[in-house]
Amino acid sequence: SKKSVQTTESGKLKVGLVFDVGGRGDKSFNDAAYRGLEKAKNELGVDFEYIEPGPGADREAALRQFATRPDIKLIFGIGFIFTDEITKMAQEFPNKDFACVDYTYDQTKTIPPNLLALEFKEDEGCFLVGAIAGLTTKTQAVGFVGGMESPLIKKFEKSYEAGVKYVNPECKVFISYAGVTGDAFKNPGKGKELALGQYSQGADIIFHASGVTGLGVFEAARETKKLAIGVDSDQYNEAPGFILTSMIKSVDVAVFDCIRQEKDGKFNGGKAETFGLNSKGVDYIYNDKNNNLISEGTRKRAEEIRELIIAGKIATFLK
Amino acid sequence: MNKVIYSILGPLAAIIIALFIGAIIISLIGKDPVEVYGVLFYGTLGNSYGIGQVLFKATPLIFTGLSVAFAFKAGLFNIGAEGQMIIGGFAAAWTGFTFVTLPWIILIPLTIIAAFVGGALWGFIAGYLKAKYGSHEVINTIMLNFIAAALASYLVNEIYGIPATIHTPEVSGSSFLLRFDAITGLFPGSPFNTSFLAAILCTIIFYFIINRTPFGYQIRTLGLNKNAAEYARMKIKKLVVLSMLISGGIAGIGSINFIFGYKHYYELGFSEGAGYIGIAVALIARNNPFAIIITAFFFGILEYGGLTINTMVPKELVTILQALLIILVITFVRIIDVLKIKFLKSA
Amino acid sequence: MIENIFTYAFLLQTLRISVPYFLPSLGAAYSEKGGVVNIGLEGILLTGAFFTTLGTYYTQNIWIGILCGLTAGFLIALIHGIATITFKADQIVSGIALNLFALGLTKFLCRIIFNSSSNSARIPGLETVNIPLLSSIPILNNIFITFCIILLILSQIIFYRSKFGLRLRAVGENPAAADSLGINVLRIRYAGVLISGLLAGLGGAWLAFDQHSFTDGMSAGRGFIALAAMIVGKWKPMGAAAACLVFGFAESISIQFQGTAIPTQFIQMLPYILTIIILAGFIGKSTPPAADGIPYENTNK
Amino acid sequence: MLAVEMIAITKTFAEKVIANNSISLSVKKGEVHAIVGENGAGKSTLMNILYGMYPPDKGKIQINGNEEIINSPARAIQLKIGMVHQHFMLVPPLTVLENIILGSEPEKNLLLDFKKAKERVSQITSSFKIDVNLETKIENLPVGLQQRVEILKLLYRNAEILILDEPTAVLTPQETNELFNTIDFLKSEGKTIILITHKLNEVKAISDTITVLRHGKVVGVTGTENATIESIARLMVGEDKIYEEKKANIREKKLILEVKNVTVLNENSVEAVKDVSFEINSGEILGIAGVEGNGQHELVEAISSIRKPAKGKITLNNAELKEEHNIAHIPADRHRNGIVMDFSVAENLILGREKENLFKKDITIDESKVKTFAEKLVHEYDIRPVDIDIKIKSLSGGNQQKAVVAREITKNSDLIIASHPTRGLDIKAASFVHNALIKESDKGKAVLLVSSDLAELLKLSDRIAVIYNGQINVIFDADKTNEYELGLYMTGSKVKNE
Ligand SMILES: Nc1ncnc2c1ncn2[C@@H]1O[C@H](COP(=O)(O)OP(=O)(O)OP(=O)(O)O)[C@@H](O)[C@H]1O
Ligand SMILES: Nc1ncnc2c1ncn2[C@@H]1O[C@H](COP(=O)(O)OP(=O)(O)OP(=O)(O)O)[C@@H](O)[C@H]1O
Ligand SMILES: [Mg+2]
Ligand SMILES: [Mg+2]
């Protein structure tokens, strides 16, 4: 504890972050959050610590562990699954600040003033990559591989499908889930077989929202020389040449911004901050690595659709 | 006296060696073992919140340990406590959020009965298949675990779930099991709750049934010598079914700790593998109900301990320690036995 | 949907899915025929996968990778042997402990070495192997599948036609009898357990190559299913193989049936329900070797 | 020339039990040397030491005049010593041939050479006139043949010194005769045989020399021609008299058990008992004679309501047999069916009786009542050691059997079924069980006695039914028949009483 006294004395801001089940190194959601931390460390000179809890009761205990530490001021929970616990902790520790990525905002309840909810409009991004897939497919069939079947992932599935159908109503969309427990987010073997199944049935592009399981989808893409779409982070490097694009969430930016506000004493909780296409909080990847995979026409059309979504002229969600 | 020394010598040596190996690992990754162990100890047993967390983690393990042990007494290997806990938990939660108007005096027993019945149903399936078709309960209970997880997922996601979450609605306030924190002010902040008392009660009932009643006598006979049970004209099929059913029921009650004592709703994945750890708990406690409480407490330390040191070292260090400890204990028991005989002989 | 089942892709998928069941399952048969229950196979799969990945990652040579996976499997099995055969510890407790150990160790090392709680860096896979004659034959061009077929035939011969197999079966049924004939019971049991370690380690290698990386908990219960398959297959290599194919088939079907009107969860249940039905309806009682799970107290020592 | 010389062998188990206390044994080459003694006298232990299964604590062994350290069966086999254990050392699911070659397998091209093995075994079977099908699995063989296989194993390994530990305990007189013929033949071939048995008439009939053990010590060595059965018995049990209860002959007859046209199926749904009828009255002992495997087992299970008959009717006290009926049953295999090894003596004494009011307190079993009951039985039935709390597995076989007998015949039941009640027991324990059965029958109970020991049947029974191939075709009055006649019917040489 001597050390911690020193850090507070030095006046350095210290941040605690609790990861979602997948943990560090998932090359996707959690890693995006981690990038935000690193950036803050490099550019703002803050310190951080993190915990990777298991499922169940550990989330609260992990948050509490940080909340009871005198040297830690700001605490992140990464993932919608933290919603209840972080709300509770924010109420119990009014002197600390909290932020939760993918917080599930319940209109009937108020968010504590020391809690900032970070929401991402995945549906907009998914719709957009769905449209790109629908425009790019040559076989008139695309696929979706989800991790654990849950409302959140269903949302990805539905808006992706809506995007596909919006540009290509005749296109088939295959849908598979890797499982029904949290482990379904870390089962690449299953992901690969699911993807191979879809490819063998005629799909030529598969979008995944399945955490580490998606790495299996990419393997299948490499093996069959077909395309896949990444999620959360730019996943091009997981299968160079076979990743059509990625639906990215700027979790890193959100985390970084939040830390900067805290550092500047401008932390502004008690509300939900929403990141959508308009603020580039969600987006798709188009750069010199993958621009040869996305045709000029497709790119143009995608940008038009982006504008329509931002203008609220498209329902991004398939009922 | 000598006997006591010999019986603790093995585990003691095992603990020391396991901690020593752990220390080497910690040093290898450039951390200070003394500091890490210090935090581990302080975080779990060094403060009342930590102890509360440990007991909270231990509570379901007592139930699942008892569950596995009960079946074991009848010579059956129940790998299915996990699934039984899931189904029991869902049944209990459903009762809790459906009969919201009932007063606690009725609702709490009702939810516990529901937890028992749910788990018992899942255990019954394996028991019935064993009795009727002779199919191996080990495989069937493993399969039923997967099926239970899938079923719970369906029920939560498609029918009873709150949108955008992985849990059901909250159960009625009158079904809450109070935290010790709230009653006594002890263990502040930890979700350690009165379901622990239910676990203790369950342990006593377990002991009573197994060791004091004719039914328990029959169960033990079946477990030790099925052929003798048959010649004593015990109703073997009935006993097989009943013991799996009771075993499942006990595991089912294991769910109330999380559902009614902590979160107040059913959440997918709440069981955290307690059903599987229960097997280790029961086996290490040699199916002795009171030893199960102690073993569960010990596993509680390790279960929670990982989190306390997670900011310094990967929490899997604790899993490794846990595994080393089990292996060392079971081997050392034997080594000490051999040493003891040699010693006594030479004396 | 039905038409999807009778395709080459489906057949291949079934075989592929069966591989990581079959290898540990065959291993379990060796171990349990000799009288040692090895539920640590799950952990061996995982460790095998991790060290295969590690070896391949550092050398970029899959053969060295496989060697590392085999060695890891061997070592874990050796611990199991020392605990249960030499020190007569409870076989199931030891197995549980080894599974825990594997889970902890692999994730721990993954964190330390690859800086990730979930997966390793990418490694090359089997596509780099090119065996001149086989590569042109469908199915057999997958060296693991070819190898599994060879292993199965070989095991069938070893079990029922070789001295070792005879002794293994004797030791699992009545170790005292084998002992009284001058057979070293403990040594034969060690052999059975160590072979199971090698086979499960190889199963782990397949998992690693199939997805070109290690993932935390990637064995995903396959070791347990493999044990179940071995029991369904009545402790026989052929039986185990058949049971694994049934599992593979059921899982393949559950993959093909996704996205239909049936809720995913029920489709996911399919392989497990099928197993229960097969077990109740078609297999009947399967009796384990009489001394399976019972440590042998060698009276000489 | 001495084939075996064991000098001052001492062996202690679990720090306490002195199984062998400085025992010396000399066996001449080419003789049949009998070792006799009570249960627990240390016979098997001594032989296990000779065969390398246990290391002795002290003592030396010489084989053919050379001092040897026999630290494993493998070494014993090298020295051409072979042993047939009291509990057979066979692997049930393996075939006869596999069992024989196990441990000394002929190989060709890395594989088992079954052809060569078969040739060699056939050679032995024909020269020693032992007939058994090599392809059958052991589990499908009757015990008599399993015994054969054990001996074949020794011969296959060219054993010169053969140890047979209670080889006749499970054999019928005919099988015993055949075995003795084989032993004579082996002896004529110059082999040395060490034989352990409790049947003193056998000792008298076949052995050349006798060593008597008591409480782990040698109490006598004598040439067989100088000994009488009585003198051997006295050496064995000390000065204790063996007294045999005489059956009382007065009885008022009341029908207790009636078995009418009963057919019973075995595990493989084959008719093991076919259309069998008989009855037993109060105060009567009905003996069932038969070669093992002729349906006795299934018949007994049917009468004790463990197995449902496929056809026919069984009545007890004129009521149809129900599972709830209280029937005393001393099972043939005490380890398998009679006791729970890991239970204490007291717990075993209430096995199957745990629900009796005698032990009840509310819904529980009253431990103090159990204790009183158990202590009473332990004393009345002379079960030793006198400690109701030790695990029954630490009792000798004879004492375990006494516990089973005590438990069963103190049941308040009119019918007692006793299957092979004295198998493997020494003469003292056996006569104890005999006396107990006679006393019960004199009290008016009906007794069904199944045994392969014809002397026992003739001594105890009022009538003797012979079961052959699942059928009972004759029932004799015990005093109007003899072993020879029974033997003819048992083996099917005679089927109907002409
Ligand atoms: N302790 C036990 N351990 C393992 N399996 C058991 C145990 N007890 C019972 N079983 C299994 O349960 C099944 C039913 O047992 P039970 O002995 O009642 O059957 P049964 O004797 O064939 O039938 P019946 O009651 O009609 O005589 C058997 O298949 C047996 O394998
Ligand atoms: N492995 C063992 N561990 C402990 N005690 C043993 C062991 N084997 C034998 N004994 C004890 O040693 C004594 C001698 O046993 P042993 O089997 O040699 O007697 P035995 O003369 O062959 O008797 P029986 O006629 O019943 O076969 C007995 O008291 C027995 O309980
Ligand atoms: Mg029965
Ligand atoms: Mg003996």
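Chain identifiers are assigned alphabetically (A, B, ...) following the order of the sequence lines, protein sequences preceding nucleic acid strands; residue numbering begins at 1 within each chain. The model shown is predicted, which means the values in this text are computed figures rather than measured ones.
- Listed options C:Leu270, C:Val93, C:Leu227, C:Ile79 were ranked by heavy-atom pairs under 4.5 angstrom with chain B; first place goes to C:Val93.
- If you check the side chains of C:Thr53 and C:Ser120, you find no donor sitting under 3.5 Å from an acceptor.
- A donor-acceptor pair under 3.5 Å is formed between the side chain of C:Glu173 and the backbone N or O of C:Ala290.
- C:Tyr21 and C:Glu251 are linked by a side-chain donor-acceptor pair at a separation below 3.5 angstrom, with hydrogens and angles left out of the test.
- Heavy atoms of C:Ile112 lying under 4.5 Å from chain B belong exclusively to its side chain.
- Of the two parts of C:Ile273, the backbone and the side chain both hold a non-hydrogen atom closer than 4.5 Å to a non-hydrogen atom of chain B.
- Contacts of C:Ser94 with chain B are made by both backbone and side-chain atoms, with heavy-atom separations under 4.5 Å.
- When ring centroids are compared, B:Phe332 and C:Phe87 stay outside the 6.0 Å threshold.
- Within the 4.5 angstrom heavy-atom criterion, no atom of B:Asn145 approaches chain C.
- Without hydrogens or angle criteria, B:Glu137 side chain to B:Phe77 main chain gives a donor-acceptor distance under 3.5 Å.
- Looking at B:Leu151, both its backbone and its side chain come within 4.5 Å of chain C, counting heavy atoms on both sides.
- In this pair, B:Tyr266 and B:Phe90 present their aromatic rings perpendicular. The plane angle is above 60°, beyond the 30 to 60° band.
- Residues of residues 275-288 of chain B lying within less than 4.5 angstrom of chain C, judged on heavy atoms, are B:Ile279, B:Ala280, B:Leu283, B:Ile284 in numerical order.
- Looking at C:Thr84 and C:Gln91, their side chains never bring a donor and an acceptor atom within 3.5 Å of each other.
- Most heavy-atom pairs under 4.5 Å with chain B: of the set C:Ala97, C:Ala102, C:Ala83, this distinction falls to C:Ala97.
- With hydrogens and angles disregarded, a donor-acceptor distance shorter than 3.5 Å links the side chain of C:Glu42 to the backbone of C:Arg222.
- Side chain of C:Thr275 to backbone of C:Pro271: a donor-acceptor contact under 3.5 angstrom is found.
- Side-chain contact, B:Asn78 with B:Gln84: a donor N or O sits under 3.5 Å from an acceptor N or O.
- When B:Ile29, B:Leu129, B:Val138 are compared by the number of non-hydrogen pairs under 4.5 Å with chain C, B:Ile29 comes out ahead.
- Looking only at atom types and distance, the side chain of C:Asn119 has no donor-acceptor partner in the side chain of C:Thr215 under 3.5 Å away.
- Both the backbone and the side chain of C:Ile276 come within contact range of chain B, with heavy atoms under 4.5 Å apart.
- Interface check for chain B: of the options C:Thr264, C:Thr86, C:Leu105, the most heavy-atom pairs under 4.5 Å are formed by C:Leu105.
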